[in-house]
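Encoded as structure tokens, the structure appears first; notes follow it.
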2 protein chains.
Amino acid sequence: MKQDRQLREGGWIKRMRQPISTRETTPGRHGKKPARVFGGDFDADYDVLCIGNAIVDIIAQCDEAFLETNGIIKGAMNLIDTRRAELLYSRMGPAIEASGGSAGNTAAGVASFGGRAAFFGKVSNDALGEIYAHDIHAQGVAFDTTPLKGEPPTARSMIFVTPDGERSMNTYLGACVELGPEDVEADKASGAKVTYFEGYLWDPPRAKEAIRQTAMLAHAAGREVSMTLSDSFCVDRYRDEFLELMRSGTVDIVFANSHEIKSLYQTASFDEALAQIRKDCRIAAVTRSEKGSVIVRGDETVVIKATAIKELIDTTGAGDLYAAGFLHGYTQGRDLQTCGDLGSLAAGLVIQQIGPRPRQNLRREAEQAGLTIPDVQTS
Amino acid sequence: MKQDRQLREGGWIKRMRQPISTRETTPGRHGKKPARVFGGDFDADYDVLCIGNAIVDIIAQCDEAFLETNGIIKGAMNLIDTRRAELLYSRMGPAIEASGGSAGNTAAGVASFGGRAAFFGKVSNDALGEIYAHDIHAQGVAFDTTPLKGEPPTARSMIFVTPDGERSMNTYLGACVELGPEDVEADKASGAKVTYFEGYLWDPPRAKEAIRQTAMLAHAAGREVSMTLSDSFCVDRYRDEFLELMRSGTVDIVFANSHEIKSLYQTASFDEALAQIRKDCRIAAVTRSEKGSVIVRGDETVVIKATAIKELIDTTGAGDLYAAGFLHGYTQGRDLQTCGDLGSLAAGLVIQQIGPRPRQNLRREAEQAGLTIPDVQTS
């Protein structure tokens with residue numbers, strides 16, 4: 001058979017790089033006005049702009065002993081260098097690959113709900129970078145960050161899933177270390193109702209500058225800024241800076257799980273941590289695994305149930321999809337109860353499959369769960 | 001954070017290239033004698049040697065209309081060139097990646113059952129090639145084919161899964177076109193109880209030479225040779241050559257599904273095709289989807305039930321895993337009924353997940369299904 005020898009590694013997917021708004025798979029999405037507008041955001045171009053490490057997940061199952069033998073902290077995001085990446089991969093079982101990255105998963109989730117999502121994140125111009133760009137574009141997310149030419153390669157995280165469904169991540173940051181203020185697209189920073197970023201961005205050296213610049217542009221345009229605390233060990237690395245972001249008003253809405261807020265305030269008491277976070281940000285949404293979540297806004301407290309699931313397969317993406325559901329509801333002007341229910345719905349779906357982004361269409365799932373966005377015309 | 005900038009694309013997985021027999025994840029597997037020996041194969045180094053196109057699967061869901069709009073033949077393996085690969089990928093939804101390739105899946109299945117498997121197949125020395133090598137090594141398969149330096153890149157197949165679970169494949173052969181007789185490892189060809197190859201290997205230009213050479217070495221060592229007819233369109237492309245392989249005795253055992261044997265004998269009657277194939281090879285195992293399978297050997301006929309499944313998710317790998325179960329049983333000296341039951345078991349598991357290789361340990365699954373291999377010592 002005759003084969004085209006001109007093909008370069010990843011070359012046959014280069015066409016994906018056209019702007020999302022011209023792609024035939026998402027007809028008209030970015031020309032559409034939101035069903036219900038929110039606050040002063042009548043003129044928003046995007047509902048949610050997400051900023052995060054652009055990572056391809058390499059996912060395999062393992063037993064508990066494997067984590068211990070290899071010194072992997074269970075349930076955490078373990079940062080690794082090249083040498084350790086080689087060692088762990090040589091010991092890893094057969095894997096599957098899927099686009100991931102915390103904020104990238106959230107952007108994909110928002111788009112799946114039918115929201116208008118954008119993403120900033122750094123890949124390299126290699127095969128995994130092309131796969132990453134394909135997947136987020138194919139989900140309908142506007143993603144135009146210039147890929148790095150050459151090394152380091154696109155980031156990857158080896159995720160080991162134990163029989164209890166818990167995931168333990170081992171992340172090689174690769175090209176993510178190059179994300180910086182030059183990657184801030186001012187129109188998106190100013191034009192998104194909510195900008196959302198991950199605390200993990202304090203690990204690479206210059207991403208925090210990009211965040212501060214984006215937050216400034218967003219607030220200048222009357223938008224809101226949100227973050228996730230990402231991981232309790234990440235909180236431990238950057239506690240003072242995260243608290244400063246919240247207390248200075250750089251961040252309006254905070255997502256966290258119970259471990260992370262306890263780490264943030266260095267307390268063993270969830271209630272004490274919750275009391276503290278009320279004072280430090282405008283809204284906090286705190287997830288508690290199978291206990292659901294709690295949303296606080298000033299003196300207000302909204303308790304959200306977790307959705308019932310058939311079988312817990314892989315917790316990867318649970319927090320990211322909770323944030324996606326919440327932010328989708330929030331940017332459509334829904335009340336906090338509905339925002340939390342949408343978060344629970346998406347998180348409940350993603351933990352019943354392998355990989356960090358639900359295969360279901362979340363808009364359809366929300367409709368089936370009676371959580372539809374009312375189709376209010378702004379006449 | 002300080003990152004190692006020396007990392008090359010795929011570089012952190014280069015260490016995988018050590019021979020499988022020295023890897024710590026598969027302790028002693030290749031030093032082990034089989035539990036029960038078969039025929040004249042007391043001295044076999046491997047149970048099954050598989051030869052096939054080494055392909056990474058890119059898997060996404062789509063609706064029926066997508067197949068029609070894009071001219072994809074449903075249920076078939078559609079060969080594509082670079083231009084079409086670019087077009088289809090630009091239209092494909094968010095995907096996941098997993099090592100695949102028909103005979104590669106069979107090798108992985110045999111290893112998962114606890115059999116000693118080897119594989120010949122051509123990848124390039126790129127990121128997808130490294131992923132492919134990792135996955136098959138990590139499953140415990142001996143895989144030492146020299147990777148191609150440079151282009152074309154590692155093969156990939158875009159697999160679209162419709163809501164009925166049927167998969168439609170679109171394969172860019174890439175580096176597979178370079179597999180040739182120079183890739184035949186004589187010790188493995190002579191040392192495997194059964195050599196198994198895929199009919200798909202008639203698509204690349206020189207793989208058929210490798211097959212004929214391997215079959216010659218195998219038969220000279222008193223081993224058996226097996227093939228799968230792969231796909232009814234593939235049968236249509238190479239009908240005369242496949243019949244010649246069977247009638248000349250180059251192939252002893254044939255795997256096919258009902259469409260493929262009907263295509264082979266150009267008849268609409270399954271019974272007529274079955275009557276014909278009895279005469280053309282020593283054993284034929286013919287799968288019939290939810291109707292199970294039929295095994296014929298001369299006048300003997302063994303009817304095998306399909307295993308009950310909860311939900312059909314993705315048929316990718318069904319035939320490959322049937323062959324894995326059958327060949328594992330066969331090389332352990334089991335009767336045809338048990339061989340077929342093992343095939344049904346593995347096929348039934350793989351169609352209840354996304355991707356072509358079951359995540360379960362098949363040895364454990366076989367034990368739970370009461371299909372254990374008796375631990376007979378050859379004293």
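Just so we're on the same page: letters track the sequence lines, and every chain starts at 1. Keep in mind that what you see is a predicted model, and the values were worked out from it rather than measured.
- Looking at every heavy atom in both residues, B:Ile96 comes nearest to A:Ala98 through CG2-CB, 3.9 Å.
- Ranking A:Ser99, A:Ala60, A:Gly93 against chain B, the residue ahead of the rest is A:Gly93, based on heavy-atom pairs under 4.5 Å.
- For A:Phe66, the CZ atom counts as densely surrounded, since its 6.0 Å shell holds more than 12 non-hydrogen atoms of other residues, nucleotides or ligands.
- Counting heavy-atom pairs closer than 4.5 Å to chain A, the top-ranked of the candidates B:Arg359, B:Glu97, B:Gln353 is B:Glu97.
- Interface remark: B:Ile59 contributes no atoms to any contact with chain A (heavy atom separation under 4.5 Å).
- For the atom pair B:Arg156 CZ and A:Ile131 CD1, the distance stands at 7.5 Å (nearest 0.5 Å).
- With hydrogens and angles ignored, the 3.5 Å screen pairs no side-chain donor or acceptor of B:His134 with any backbone N or O of A:Ser90.
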